[in-house]
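Numbering of residues begins at 1 and proceeds along the displayed sequence.
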Amino acid sequence: MTKEFDLATLLAERGAERYELHARHLNHQLPRMLHTIGFDKVYERAEGAHFWDADGNDYLDMLAGFAVMGLGRHHPVVRKALHDVLDASLPDLTRFDCAPLPGLLAEKLLSYSPHLDRVFFGNSGTEAVETALKFARYATGRQRILYCSHAFHGLTTGSLSVNGEDGFRKGFAPLLPDTAVPLGDLDALARELKKGDVAALIVEPVQGKGVHEAPPGYLRAAQELLHRHKALLIADEVQTGLGRTGKFYAYQHDDGVEPDLVCVAKALSGGYVPVGATLGRDWIFQKVYSSMDRVQVHSASFGSNAQAMAAGLAVLSVMENEEIVANAAAVGERLKSRLAELVDRYELLADVRGRGLMIGIEFGRPRSLKLRSRWTMLQTARKGLFAQMVVVPLLQRHRILTQVSGDHLEVIKLIPPLIIDTDDADRFVDAFTEVMEDAHKGGGLMWDFGKTLVKQAVANR
């Protein structure tokens, strides 16, 4: 007799096999990596900006699921909205009606960028980018997309074509026609636009990889150049949008910037139901959906589903009612300023940068001979190992989850839930200070772990 499905029973019976199941059936390198760096924890529950293990120890989340958990985990308003939409038994995804929730969420999203007119809903950030690329190429009649060096816009084929990291692109060619230009280099942008075949420039106002911000005035000047050459500006706000940088959108830090297309996702989900959105000007949508024959020319099977729309509406309501954007700006400024004070104290610490609750901590070559020799050992084996050495004791000793900002980078990126408070910020700074103090004193455990990482890096060559 077949047993009735019971999720709680299944997790109780099989939950302990989590790492073995991944190794056997999913990406086998993930559990291997987690075991190597000591991140193979077992978390039992989560709420807000914290996790707890089976022993009741709490962990501070400074990663937010790579910025997905903007409101932290299990926000009660978002939970209630999802319970309500499930209990409503809506006739979802009939495909031949116009449900109210997508229209309501589109209306609310557009209120934060009043120069835009329409929204396409998909299921992820990379889908939002794919939509923007397709719409830009069709609307302009041109094929080539410009992107910025070191950019990250997703890993599906279209978004991979505008990915600035060779490690992600290697082995997946041919990709779409594309050209990289340095972030902030208007001359390079102008040279490419003069060729007359550019559909758009896609740009992260603050790059996720390395946490590099577009220089002041760059986005506005780039927009003017693009429009002069009949090309579009696409703002990728998948990670930076919805308050992450202390404004609703990061492009709003630069006066006069009005992108033609804006991509959002991650935090809009409330951490529950995947959702992506591409906001754009009316004339672009009018061109793409130019007749009834083209009504389905671009669509997504699960796009605009009721659960995702309800989650998005609940998220935006919470952001307004709990003043989430203001909190990100205030707590982010405290966190950044306290960390910046440490740059002159520790020679291994090179820079602290970012906006709001998107902060990059960069490490660099020290001056003293003893530290420099150890630094050189790590760099010779693999760039980025020192940052990983800092991340590990933050988790193991201080129960704070962080990660490096990208492969081969000596940068830690802080992208915590936007609900963290000053106590959380101070907890991180105090823990980080202890780790840096240990590193500069030649703390045995930290540098011993560095040797382990070196051996692993050499073995992987």
Side-chain angles (χ1 to χ4, degrees), residues 67-72 75-86 88 90 92-93 97-125 127-129 131-132 135 205 234-252 257-282 284-285 289 299-300 302-329 356 417-419:
V68 167
M69 303 294 178
L71 300 183
H75 193 286
V77 173
V78 184
R79 283 174 63 100
K80 182 178 184 303
L82 289 171
H83 281 291
D84 289 347
V85 78
L86 289 172
L90 298 176
D92 197 18
L93 298 178
D97 76 339
C98 290
L101 292 179
L104 291 169
L105 180 55
E107 179 182 67
K108 192 65 178 177
L109 265 180
L110 290 167
S111 71
Y112 295 100
S113 48
H115 72 284
L116 299 177
D117 309 290
R118 298 185 183 276
V119 182
F120 174 85
F121 287 114
N123 305 285
S124 65
E127 278 193 36
V129 169
T131 299
F135 281 28
I234 304 171
D236 181 346
E237 296 271 3
V238 168
Q239 187 166 132
T240 54
L242 277 73
R244 170 61 55 188
T245 66
K247 288 189 179 290
F248 192 85
Y249 290 122
Y251 73 76
Q252 293 169 338
V257 178
E258 295 186 342
D260 302 290
L261 292 157
V262 175
C263 305
V264 297
K266 288 188 182 287
L268 186 61
S269 68
Y272 282 102
V273 186
V275 60
T278 307
L279 291 66
R281 297 185 186 274
D282 179 70
I284 298 173
F285 277 69
Y289 300 107
S299 60
F302 286 93
S304 300
N305 72 81
Q307 290 91 339
M309 301 297 97
L313 284 163
V315 165
L316 296 180
S317 175
V318 170
M319 291 190 68
E320 292 180 356
N321 293 336
E322 299 185 13
E323 300 182 338
I324 298 298
V325 179
N327 185 73
L418 305 180
I419 60 169

Smallest separation among heavy atoms of [X] and [Y], with atom names:
X	Y	value
Val119	Ala277	CG1-CB, 4.0 Å
Ala300	Asn123	CB-ND2, 3.8 Å
Ala67	Gln239	CB-CG, 3.8 Å
Gly246	Ala329	CA-CB, 3.9 Å

Can you give me every donor-acceptor pair (side chain of residues 305-315, partner residue at least two apart or in another chain, under 3.5 Å) with its distance?
unit_1	atom_1	unit_2	atom_2	d
Asn305	OD1	Gln307	N	3.2
Asn305	OD1	Ala308	N	2.9
Asn305	ND2	Phe302	O	2.8

Could you state the interatomic distance from [atom1] ([X]) to [atom2] ([Y]), rounded to the nearest 0.5 Å?
X	Y	atom1	atom2	result
Ser113	Tyr251	OG	OH	4.5 Å
Leu109	Thr278	CG	OG1	11.0 Å
Ile284	Leu116	CD1	CG	8.5 Å
Leu71	Met69	CG	CE	10.0 Å
Thr131	Ile234	OG1	CD1	10.5 Å
Lys108	Leu316	NZ	CG	7.0 Å

- Would you please indicate if the ring centroids of Phe120 and Phe285 are separated by under 6.0 Å? no
With side chains defined as the heavy atoms from C-beta onward, is the minimum distance between [X] and [Y] less than 4.5 Å?
X	Y	value
Phe248	Met319	yes
Tyr112	Leu279	no
Leu110	Asp117	no
Glu258	Gln252	no
Leu101	Val85	yes

Ring pair (Phe, Tyr, Trp, His ring centres under 6.0 Å) filter on Phe121, not counting sequence neighbours, yields none
Can you check whether Val318's main-chain N or O pairs, donor with acceptor, with His75's side chain at less than 3.5 Å?
-> no
Note to self: Atom CD of residue position Glu107 - does it have more than 12 heavy atoms of other residues, nucleotides or ligands inside 6.0 Å?
What the structure shows: no
Side-chain atoms of residues 260-275: list all donor-acceptor pairs with protein atoms under 3.5 Å, sequence neighbours left out, distances to 0.1 Å.
unit_1	atom_1	unit_2	atom_2	d
Asp260	OD1	His227	NE2	3.2
Asp260	OD1	Arg281	NE	2.7
Asp260	OD2	His227	NE2	2.9
Asp260	OD2	Leu233	N	2.8
Lys266	NZ	Phe66	O	2.9
Ser269	OG	Lys266	O	2.7
Ser269	OG	Gly271	N	2.9
Tyr272	OH	His74	ND1	2.9

